[in-house]
J.: 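Next up is a structure, given as structure tokens.
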Amino acid sequence: MSDSRRLFFALEIPGETQQQIIQWRADHFPAEAGRPIAAANLHLTLAFLGEVSADKQRALAAMAGRIRQPGFTLNLDDAGQWLRSQVVWLGTRQPPRGLLQLANMLRSQAARSGCYQSPQPFHPHITLLRNTAHAVPIPPPGFGWKVPVTEFALYASEFTRGRTRYTQLERWTLTE
Ligand code: 3AM
């Protein structure tokens, strides 16, 4: 049996904010707009690692544990749609430096460990809807959630019985 798992680093969204976001989504997007991501699965991906062996997972986790940087506040005040990947997302108009620094560090550690990294720049986002086959109106500005970020985590993505489930494997506190 293979010991590899599909892994990614991400920021967890606090439960209360997840609930507020799905309420806002229900209020502003029609049910036929796309497939809504379950509240508990709302996250902000920092680095996608792909299929990773247990050995490589340990090495990546050790490197993540050596990251030293302070926390930051994420202001979720932007939303949009990517037609090509058919997703509607929530994001930030001004990504905090700490967010970019953290994602860049994790992405470069991953690349150095042989995990393929897309040449696309990092676009911080929380996927809200998938399979949005048609253009959907994006709610007017004025919404926003301020999320204090004090830790980041490693997740496994598992697809079982027709559902994707994310399991948090390990987490690290952001401290200098
Ligand atoms: O945060 P989102 O939902 O955009 O799309 C996948 C999800 O991103 C992305 O990793 C996150 C956790 O599954 N993902 C899946 N395959 C990917 C790939 N080959 C990928 N990101 C980059 N390259």
Side-chain angles (χ1 to χ4, degrees), residues 2-15 17-22 24-26 28-29 33-54 56-57 60-61 63-64 72 74-93 95-96 98-133 135-136 138 145 147 149 151-172:
S2 156
D3 73 344
S4 74
R5 291 210 270 182
R6 192 178 169 85
L7 303 181
F8 62 97
F9 287 105
L11 300 181
E12 183 177 3
I13 304 301
T17 309
Q18 288 177 330
Q19 292 304 324
Q20 291 168 2
I21 291 171
I22 64 159
W24 171 84
R25 180 178 65 189
H28 289 89
F29 293 95
R35 184 166 59 79
I37 303 301
N41 275 357
L42 296 177
H43 66 275
L44 191 152
T45 299
L46 297 164
F48 178 74
L49 303 173
E51 292 290 324
V52 172
S53 69
K56 196 175 276 189
Q57 177 183 329
L60 286 160
M63 284 191 275
F72 49 86
L74 188 58
N75 190 8
L76 297 170
D77 61 354
D78 195 17
Q81 180 175 17
W82 289 328
L83 290 169
R84 196 186 296 190
S85 46
Q86 299 197 340
V87 301
V88 165
W89 51 266
L90 191 62
T92 177
R93 281 181 277 179
L99 170 63
L100 302 179
Q101 190 183 322
L102 179 60
N104 287 339
M105 180 58 83
L106 291 167
R107 281 158 59 105
S108 66
Q109 289 177 342
R112 272 188 270 123
S113 304
C115 301
Y116 171 79
Q117 295 298 293
S118 153
Q120 297 239 20
F122 174 60
H123 288 295
H125 67 277
I126 296 169
T127 300
L128 294 181
L129 298 167
R130 287 196 191 280
N131 310 122
T132 56
V136 296
I138 299 300
W145 294 272
V147 181
V149 176
E151 49 190 31
F152 66 100
L154 179 65
Y155 289 84
S157 168
E158 281 143 341
F159 189 74
T160 41
R161 285 184 238 114
R163 276 167 186 262
T164 299
R165 221 182 55 175
Y166 299 137
T167 310
Q168 200 178 94
L169 303 176
E170 212 171 324
R171 67 167 101 177
W172 297 270

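Note that ligands are numbered from 1 as they come in the structure, with each ligand's atoms numbered from 1 the same way. The figures that follow rest on heavy atoms only: side chains count, while hydrogens, waters and symmetry mates do not.
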J.: Taking the side chain from Gln117 and the backbone from Phe48, do they hold a donor-acceptor pair closer than 3.5 Å?
T.: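 Side chain of Gln117 to backbone of Phe48: a pair is present.
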
J.: Among all protein heavy atoms in this structure, tell me which lies nearest to atom 3 (O) of ligand 1, with the distance rounded to 0.1 Å.
T.: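 For atom 3 (O) of ligand 1, the nearest protein heavy atom is Arg130 NH2, 2.7 Å.
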
J.: Kindly indicate whether the side chain of Met63, heavy atoms from C-beta on, has any atom under 4.5 Å from the side chain of Met105.
T.: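 Sidechains of Met105 and Met63: no contact.
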
J.: Please round to the nearest 0.5 Å and tell me the distance separating atom NE2 of His43 and atom OH of Tyr166.
T.: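 Rounded to the nearest 0.5 Å, the NE2-OH separation comes out at 4.5 Å.
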
J.: Among all the protein's non-hydrogen atoms, which is closest to atom 2 (P) of ligand 1, and how far away is it?
T.: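 Answer for atom 2 (P) of ligand 1: Thr127 OG1, 3.4 Å.
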
J.: Apply ring-ring contact (aromatic ring centres under 6.0 Å, His included) to the pair His123 and Trp89, showing each step before the final yes or no.
T.: CA-CA 10 Å; His123 288 295; Trp89 51 266; 8.3 Å; no

J.: Note the single closest protein heavy atom to atom 4 (O) of ligand 1, along with its residue, its atom name and the distance in Å.
T.: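 That would be His125 NE2, 2.6 Å.
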
J.: Which ligand 1 atoms, with their elements, are less than 4.0 angstrom from a heavy-atom of Phe8?
T.: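 So the answer, numbered in order with elements, is 12 (C).
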
J.: Please confirm whether Thr45 comes within less than 3.5 Å of ligand 1 when only nitrogen or oxygen atoms on both sides are compared.
T.: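 Among all N and O atoms of Thr45, at least one is under 3.5 Å from an N or O of ligand 1.
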
J.: Would a 4.5 Å heavy-atom cut-off, applied to side chains only, mark Gln101 and Phe72 as touching?
T.: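 Contact flag for Gln101/Phe72 side chains = no.
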
J.: Find all atoms of ligand 1 within a distance of less than 4.0 Å from any non-hydrogen atom belonging to Arg6, and give their numbers and elements.
T.: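 Within the 4.0 Å cut-off of Arg6, ligand 1 contributes 15 (C), 16 (N).
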
J.: Side chain, backbone, both or neither: which part of Tyr166 comes within less than 4.0 Å of ligand 1 when only heavy atoms are counted?
T.: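 The answer is the side chain.
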
J.: Tell me if a side-chain donor or acceptor on Arg25 pairs with a main-chain N or O of Ile37 at a distance below 3.5 Å.
T.: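 Between the backbone of Ile37 and the side chain of Arg25 there is a qualifying donor-acceptor contact (under 3.5 Å).
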
J.: For atom 23 (N) of ligand 1, what is the closest protein heavy atom, and at what distance to 0.1 Å?
T.: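 For this ligand atom, the closest protein heavy atom is Phe48 CD2, 3.4 Å.
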
